[in-house]
Novice: 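The structure is given below, and queries will be raised subsequently.
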Amino acid sequence: MIAAAQVTYTAAQAWSDLAQIGPIVAVTVALLVAVVVDLLLPRGLRGPVVTVIAIVGLVSALAIAAYRLVNGYGGPAYFRFVSGDAFALFFEMLFALIGVLAVIVSSSYVRRRGLYEAELQVLTLAAIVGMMSLAAAGSLVTVFLGLELLSIALYVSCGYNRIELPSQESAAKYLIIGGFASAFVLYGMALIYGATGTTVLSDIATRVTSDSAGNPLLLLGVLLMGVGFAFKVSAAPFHMWTPDVYQGAPLPVTAFMSVATKAAAFAMILRVFNYGLGHLGPEWQVLLAFTAAASMVVGNLMAIVQASLKRMLAYSGVAHAGYILVGVLAGGRAGVAAVLFYLFGYVFMNFGAFAVVSTLSGPAGDGDLYEDLNGLAYRNPTLGVLMSVFMLSLAGFPPMVGFFGKVFLFTAGISAGWTWLVVLAVLTSVVSVYYYFRVLFHVWSPLPEAPVRFAFGPVRGPVTVVLLAGVFAVALGPLSGFLLQVGLNGAAPLLSGR
Amino acid sequence: MGPATIVFWLASAVALAGGLGVVLFKEPIRNVLSLVLVMLSLAVLFLLLSAQFVFAVQVIVYAGAVMVLFLFVITLLGPVREQGTVRLPWQIFISAVVIAAFAGFLVAMLRGVSYRTPDAADPIFGSVQSIGVGLFTDYLFPFELTSILLLVAAVGC
């Protein structure tokens, strides 16, 4: 007979652990309720009710995260497999915000395109649970599960418009490339586990010292995980899937994944590389510096020649991944805070730009050519002005949030000694002005003679979102001091214990 | 070389052969049967690591249930040979070069590794009991996350 195993997990600890992951719990509960409600209600009610449930869940996650952030945040929970620290709370708030915006945009979009509403919202909630777990991860196991949860939810969302070939192509490409990238990550994690004997990041951080740099298992693990992570943030030269997937996926899905997946993947990189493998900095920095440089050059040059707005924004996303990597490379309090700040601003400007494009879609398809924007400023002045704000912010013009974000990233980069990379980043930013201004040119061009392909239907939802995102993108500029403080606060958990 | 070592090499060789079969056979039925082979030899490897429960689950769930489902689906759809056999001529060459380079790199990196001595195992290691306790204490969060993952996969189908 085998000796009885000792179980020492008490109810009090269970409650405190549950409180630590409060925001994740809120979204999960909304997800489960939505799945059941979707089965019970009559067909006509399903979509709107599920949308409301999703919004309620996300807003309560936001409230819980904000409450915990203000009233003393927590630390590790569930045997250090997950954490409720300030870093996790920062990203949980960010994902809840994007989630609300995404749910509103997709609700209006699926109605105009005649698709089912409820499933898409459920998948969005699931992706957000994955992203939050990724940002809160305390162990490589949690990192991998969060990554898979968000990826699988997004594979399905990409192919959501089943009758359209591009949507199917997008889903298939994303599935194959994503599976490939996950395999790289998993192989790398296995090697790290083999070298250290633990998957818990805080243990890895103490066991991997700078003396471990000669351990081939660790080096291979870092290399393989780095390749997988670069796939996920769509950094060059692992960005090939990005334009095709972004172009084929339904617009709200593209908007959501272009910002949320990027933020989640950077949270993962910060947790694993800057925290867990911080002592191997010189090793992974070589890898990421090359990736960052390649992303800035390739992203910006390829964005110039695109005819489709979705593809242009996809390549611009590659370039922005390069800029953000400068902050990751710089590391330290300033670098990590700059990354958090930039992600927060980037989420709103990029999502806003996609949301404007999504208002141009009708039953016939998505209007994602530059020409579809012609005269937007006169057809709908609000959207025209806000699109200009987003483009100026993406290009990094003061006083937009994009400008402050770049300033923080680049100063952190220079003070950490990455001068050549920052010079390259500034030069490529100048190139990017060309293609962002090309959008402005079309938005402010006179009304076209020929009738426009896409007239405006009832698009109140997205307009609200665009307004919200615009208000954030404009307001965050002057508020950047405050937000940087929040970012510094969020960066702290990654630096303690060194 | 003890019997465990011999079993390890045999099972590994069979697993690799099965893996090649999955990729190289053109008839879907043969791909699936090769995959069964991979699953079974992995089960043997789990048994070598004294993970009896995982061994049993691997045989019953993966080699049994999941693979039977695969076979059902394929026979229902009609076991057609792979259609698009046209490949760009340089693709095979490039992939061979990349595979050789990566394999060489792996071998070169892993030659001088001094592996850690394994941690002392729990007396109940590998039993149903230890897995049950692990799932509901140490690994509670990943376990619950996995259930959401499966739910989402079901919603997405």
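This structure is a prediction, so every number in the text was calculated from the model and none was measured. Below, chain A is the first sequence line, B the second, and so on; all start at residue 1. Computed from heavy atoms alone, side chains included, the values below leave out hydrogens, waters and symmetry copies.
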Novice: Which bit of A/Ala127 is near chain B, if near means a heavy-atom gap under 4.5 Å: side chain, backbone, both or neither?
Specialist: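 Neither part; nothing is under 4.5 Å.
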Novice: Under 4.5 Å from any heavy atom of chain B, what part of A/Leu123 do you find: side chain, backbone, both or neither?
Specialist: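 Only the side chain of A/Leu123 comes within 4.5 Å of chain B.
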Novice: Do you know which of B/Leu149, B/Asp138, B/Leu145 has the most heavy-atom pairs under 4.5 Å to chain A?
Specialist: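 Between B/Leu149, B/Asp138, B/Leu145, the count favours B/Asp138.
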Novice: Which one, A/Leu219, A/Leu220, A/Ile152, leads in non-hydrogen pairs under 4.5 Å with chain B?
Specialist: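 Among the listed options, the one with the most contacts to chain B is A/Leu220.
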Novice: Given that the side chain runs from C-beta out, which part of A/Ser139 has a heavy atom under 4.5 Å from chain B: side chain, backbone, both or neither?
Specialist: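 No part of A/Ser139 comes within 4.5 Å of chain B.
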Novice: At a 4.5 Å cut-off on heavy atoms, which part of B/Leu140 comes close to chain A: side chain, backbone, both, or neither?
Specialist: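 Only the side chain of B/Leu140 comes within 4.5 Å of chain A.
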Novice: What heavy-atom pair brings B/Ser127 and B/Phe53 nearest, and what distance separates the two atoms?
Specialist: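 Scanning both residues completely, I find the closest heavy atoms to be C-CB, 4.4 Å.
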Novice: I'd like to verify something: which residue of A/Ser133, A/Ala77, A/Ala153 has the highest number of heavy-atom pairs under 4.5 Å with chain B?
Specialist: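 Looking at each option in turn, the highest pair count goes to A/Ser133.
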Novice: Please determine, among A/Asp17, A/Val122, A/Leu125, A/Val82, the option with the most heavy-atom pairs under 4.5 Å with chain B.
Specialist: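 Max contact count across the listed options: A/Val82.
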Novice: Say whether, by atom type as modelled, one donor and one acceptor occur between the side chain of B/Asn31 and the main chain of B/Phe25 under 3.5 angstrom.
Specialist: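 Looks like yes, one N/O pair under 3.5 Å.
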Novice: With a 4.5 angstrom heavy-atom cut-off, which part of A/Leu120 approaches chain B: side chain, backbone, both or neither?
Specialist: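 It is neither, since no heavy atom gets under 4.5 Å.
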Novice: So what's closer than 4.5 Å to chain B heavy atoms on A/Phe79: side chain, backbone, both or neither?
Specialist: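 Only the side chain of A/Phe79 comes within 4.5 Å of chain B.
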